[in-house]
Protein chains: 2
Amino acid sequence: MTFESTKSLSASLEDYLQAIFWTAAAKGAARAKDIARQLGVKASSVTGALQTLAEKRFVHYQPYEAITLTAEGFDEAARVAQRHFIVREFFVTVLGLDRAVAEEEACRTEHCLGDDIAERLATLMEFVKAHPDMESGVSQLLAERYRSAEIPAQVRRGLVTVADLRSGQKAVIVAVRSGGALARRLVDMGLGRGALVEVEGAAPTGDPIRVKIRGYQLALRRTEAAVISVVGK
Amino acid sequence: MTFESTKSLSASLEDYLQAIFWTAAAKGAARAKDIARQLGVKASSVTGALQTLAEKRFVHYQPYEAITLTAEGFDEAARVAQRHFIVREFFVTVLGLDRAVAEEEACRTEHCLGDDIAERLATLMEFVKAHPDMESGVSQLLAERYRSAEIPAQVRRGLVTVADLRSGQKAVIVAVRSGGALARRLVDMGLGRGALVEVEGAAPTGDPIRVKIRGYQLALRRTEAAVISVVGK
DNA sequence: TGACGGAATTAGGCAAGACTAATAATATTG
DNA sequence: CAATATTATTAGTCTTGCCTAATTCCGTCA
Ligand SMILES: [Mn+2]
Ligand SMILES: [Mn+2]
Ligand SMILES: [Mn+2]
Ligand SMILES: [Mn+2]
């Protein structure tokens, strides 16, 4: 028996499939050489991939002959290409990425996002395009923030601090951003780089904030909490 | 010489780093056993990964001793954790994904998105949260569209057709959705499944649309173009 | 102290996916 | 049509990352 169990393709094989998809669309069929050039691999790697794809019934392959996709191969390739397209357009039109960068990032991302998420991204894009005020609002905010490439990303966006965490959320402290005395006091309480904090709750006014650290409870003033940068769990 | 050339980590090693990051935050240091359990691998795989990470100076590692991150390891782990967090929150709060699904998809996606894109996603999220009408609008549209799981995704969102393409754009035909006579005529003109079309332009009114296929130029009525489903390049 | 049991490491194997080098098939062309 | 050039395949190697099995280390307890 030993049926083809594996339903899904590796990122690498998805790229081979797409290369064949686009070449066959343009020229009717693909040759190993075309694929090798497009993917930047050696011809022998192409042969190997084709044998695997043929075994999985995604391509019509006979040694030395031109390569075409089976119906399943075409469907699979079209789905990957669709993800590629949606993700790239999202990066460009919503996130304001440079087209070339977006193309490259999309070609990686296409393999790890499900069709589901791609569909939702497309819907989000539609929505944004249908509301020009939002489109311009988003792009303006992004442009402002990412204009100068020198400023490190974390400073640009402003790090999340303990003051931003919701109740029950856990996070790791990455920095205590304050001068000597306060910083020392916080670190002495256990609130140093690398420590895990959990927000227990806050007073109705939002001040003080109750946190748990190393099993102990602490109450922090909002101004203190706002000085502790974290990465959330 | 032979300096550590490779600056970037594999997806697998990034996951090991994160496991150490969270365990060390909670308990001060990690043991191989903790890591193995979290990642669902055998202890011997952990040893291997630790040796690699130690060589790359991301962990402090002595056989049989507790494991901690170096300063560089901590920074790297924090960056991956940050991407994980941002991506998951984006999937949940903007795309309306189920938390558990989002967590899983994020744990894959964290390895293929650059910090840059994660930052931009965070900014987009901020913007959405700051504009409640947008938040509700998007979530309503998504909810409507993805309510019933039976409807296939492509039907839900409505496929892109030749009528939707911008000038100069290339695409592959995946289906001709129409009854007999028209479909046959279009296919006879070369507009069949798998063919590459390029939109050359459209009349000011948007009808007809000039397309190029197999080197030939064709003029399509808008109603005809709207029947040809494609995936864009 | 010494024996035991759990934790960690080593040794060796396997699969995927790339590479080089050698070889074979096909195309081109005088 | 034979010689040559191009293209493709095979054979064998390497790396990564996982596995199992065997072995070693170490903390605990009688
Ligand atoms: Mn790709
Ligand atoms: Mn791609
Ligand atoms: Mn992960
Ligand atoms: Mn993760």
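So that the names make sense, note that chain A is the first sequence line, chain B the second, and so on, each numbered from 1. Small disclaimer: the values here were computed from a predicted structure and weren't measured. When reading the values below, keep in mind they use all heavy atoms of this one structure, side chains included, and skip hydrogens, waters and symmetry mates.
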Nearest-angstrom distance from the residue atom [atom1] of [X] to [atom2] of [N]:
X	N	atom1	atom2	answer
B:Ile20	C:dA8	CD1	P	12 Å
A:Leu50	D:dT9	CG	C1'	11 Å
B:Leu13	D:dT16	CG	C1'	9 Å
B:Tyr61	C:dA7	OH	P	16 Å
B:Tyr16	C:dA8	OH	P	14 Å

Query raised in the report: How is A:Ser10 classified with respect to the nucleic acid when contacts are heavy atoms under 4.0 Å: base, sugar-phosphate, or nothing?
Result: sugar-phosphate

Query raised in the report: How is B:Gln62 classified with respect to the nucleic acid when contacts are heavy atoms under 4.0 Å: base, sugar-phosphate, or nothing?
Result: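 Here B:Gln62 touches no strand at all.
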
Report task. Counting heavy atoms from C-beta on, name the nucleotide in C:dT9, D:dG17, D:dT9 closest to the side chain of B:Pro63. Result ->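 Of the options given, the side chain of B:Pro63 lies nearest C:dT9.
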
Query raised in the report: What do you reckon, is CD of B:Glu89 surrounded by more than 12 foreign heavy atoms closer than 6.0 Å?
Result: yes

Report task. Answer yes or no: is there a donor N or O on one side and an acceptor on the other, between the side chain of B:Arg83 and the main chain of B:Leu113, under 3.5 Å? Result ->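 Judged by distance alone, yes, a pair lies under 3.5 Å.
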
Query raised in the report: Is the closest basic N to carboxylate O distance between B:Arg108 and B:Glu105 below 4.0 Å?
Result: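 Answer for the salt bridge query: yes.
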
Query raised in the report: Of all of residues 28-48 of chain B, which get a heavy atom below 4.0 angstrom from DNA chain C, listed by number?
Result: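 B:Arg31, B:Ala32, B:Lys33, B:Ala43, B:Ser44, B:Thr47 - these, ordered by number, are the residues of the stretch whose heavy atoms sit under 4.0 Å from the strand.
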
Report task. Apply side-chain contact (heavy atoms from CB on, under 4.5 Å) to the pair A:Phe74 and A:Thr68, showing each step before the final yes or no. Result -> CA-CA 9 Å; A:Phe74 182 87; A:Thr68 54; over 6 Å; no

Requested in this report: Flag the pair A:Tyr16 / A:Thr52 as yes when at least one side-chain heavy-atom distance between them is below 4.5 Å, and no otherwise.
Outcome: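 With C-beta onward as the side chain, the pair stays apart.
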
Query raised in the report: For DNA chain C, whose closest nucleotide is more 5', that of B:Tyr64 or that of A:Ala11?
Result: B:Tyr64

Requested in this report: Would you tell me whether A:Ser229 and A:Arg177 have side-chain atoms, one donor and one acceptor, within less than 3.5 Å of each other?
Outcome: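 Distance-only check passes for A:Ser229 and A:Arg177.
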
Query raised in the report: Below 4.0 angstrom from OP1 or OP2 of C:dT10, is there any side-chain N or O of B:Gln51?
Result: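 It does, given that an N or O in the side chain of B:Gln51 lies less than 4.0 Å from OP1 or OP2 of C:dT10.
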
